[in-house]
Amino acid sequence: MRKIKGRFQASLIGHLRVGDSVLTEIRDVANSLASTIAHNSSSSHYSSDFQRLKTVQESSGCDFSSDNSEKYNLPFSVSELQQALQKCKDSAPGPDNISYQLLTHLPHVSLLLLLDL
């Protein structure tokens with residue numbers, strides 16, 4: 001409402017406090033955030049028990065073999081598509097400019113073509 005009335009002011013945060021210093025340059029803020037994320041992602045502060053478990057698990061490898069017969073790999077049925085469309089809220093179309101309203105009114109033959117795509 002404030003934006004419509006012309007009283008809206010975007011609050012841009014242009015600084016980051018790190019310890020006793022304040023970073024104001026975008027590059028410094030980005031580097032500080034990246035450094036923090038790198039530290040938190042590092043295994044250097046993991047407990048020794050967790051590091052041992054991690055090493056064992058990572059050395060065992062993963063079995064990605066599949067015959068693609070799992071239910072989540074099967075093609076969608078028309079009824080599943082219709083159920084999904086019924087649950088969708090009427091919202092603005094995305095970048096493709098296709099609205100849920102349009103999809104819910106497609107004839108059965110068009111839904112089949114959509115599933116083939």
Side-chain angles (χ1 to χ4, degrees):
M1 289 304 294
R2 282 185 254 151
K3 189 170 188 176
I4 292 171
K5 292 179 181 179
R7 294 184 290 178
F8 176 76
Q9 292 181 345
S11 59
L12 299 175
I13 299 174
H15 64 276
L16 178 67
R17 183 178 304 276
V18 179
D20 292 334
S21 61
V22 176
L23 305 176
T24 56
E25 295 296 320
I26 293 174
R27 178 175 292 244
D28 295 337
V29 171
N31 286 336
S32 177
L33 291 173
S35 176
T36 301
I37 291 169
H39 171 75
N40 291 339
S41 301
S42 169
S43 60
S44 63
H45 61 279
Y46 293 162
S47 70
S48 57
D49 289 340
F50 182 77
Q51 285 183 357
R52 276 194 301 280
L53 176 64
K54 180 176 178 287
T55 302
V56 168
Q57 293 301 318
E58 288 176 345
S59 66
S60 66
C62 296
D63 180 16
F64 290 108
S65 61
S66 169
D67 61 2
N68 284 332
S69 64
E70 295 88 357
K71 286 190 174 192
Y72 54 80
N73 286 330
L74 298 176
F76 289 107
S77 68
V78 174
S79 62
E80 289 173 318
L81 175 60
Q82 289 170 328
Q83 287 174 4
L85 289 171
Q86 286 174 356
K87 292 180 182 180
C88 294
K89 295 180 180 175
D90 194 23
S91 60
D96 58 6
N97 288 325
I98 299 173
S99 66
Y100 290 121
Q101 190 76 10
L102 180 130
L103 293 173
T104 58
H105 288 90
L106 286 175
H108 186 76
V109 175
S110 296
L111 290 176
L112 290 173
L113 289 171
L114 182 62
L115 286 175
D116 282 342
L117 290 174

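Since this is a predicted model, take the numbers as computed values, not measurements.
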For this session: Please report the C-alpha distance between Asn40 and Thr36 in whole Å, then the side-chain angles of each, then the deciding distance to 0.1 Å, and finally whether the side chain to side chain contact (heavy atoms under 4.5 Å, CB included) criterion is met.
Result: CA-CA 6 Å; Asn40 291 339; Thr36 301; 3.7 Å; yes
Exercise. What pair of heavy atoms forms the shortest contact from Ser77 to Leu115, and how long is it?
Worked result: C-CD1, 3.7 Å
For this session: For residues Tyr100 and Cys88, report the shortest heavy-atom separation together with the two atoms involved.
Result: CE2-SG, 3.5 Å
For this session: Can you see which heavy atom on Leu103 is nearest to which on Leu114, and at what distance?
Result: CD2-CD2, 4.1 Å
For this session: Look at atom CD of Glu25 and say whether more than 12 heavy atoms of other residues, nucleotides or ligands are closer to it than 6.0 Å.
Result: no
Problem set entry | Minimum-distance pair of heavy atoms, taken over all atoms of Arg17 and Val22 | NH1-CG2, 3.7 Å
Exercise. When you look at Leu85 and Leu106, which way does the side chain to side chain contact (heavy atoms under 4.5 Å, CB included) test go after all the steps?
Worked result: CA-CA 11 Å; Leu85 289 171; Leu106 286 175; over 6 Å; no
Problem set entry | Over all atoms of both residues, closest heavy-atom pair of Pro93 and Ser99 | CB-N, 3.9 Å
Problem set entry | Shortest non-hydrogen separation from Val78 to His108 and the atoms involved | CG1-CE1, 3.4 Å
For this session: Spell out, as yes or no, whether a donor-acceptor pair under 3.5 Å connects the side chain of Asn73 to the backbone of Ser69.
Result: no
Exercise. Would you say the side-chain atoms of Ser41 pair up with the backbone N or O of Ala38, donor to acceptor, closer than 3.5 Å?
Worked result: no
Seminar exercise, completed: Residue pairs meeting salt bridge (Lys or Arg N to Asp or Glu O under 4.0 Å), one or both in residues 49-75, sequence neighbours left out, come to Asp49-Arg52, Lys54-Glu58
For this session: Using the rule that two of Ile, Leu, Val, Met, Phe, Trp, Tyr join whenever any of their side-chain heavy atoms come within less than 4.5 Å, decide whether Leu102 and Leu111 are in one cluster.
Result: yes
Exercise. Within the side chain of Ser32, is there an N or O that forms a donor-acceptor pair under 3.5 Å with the backbone of Val29?
Worked result: no
For this session: Indicate yes or no: at least one non-hydrogen side-chain atom of Asp28 is less than 4.5 angstrom from one of Val18.
Result: no
Exercise. Got a second to check how far Phe50's CZ is from Gln57's CD, nearest 0.5 Å?
Worked result: 9.5 Å
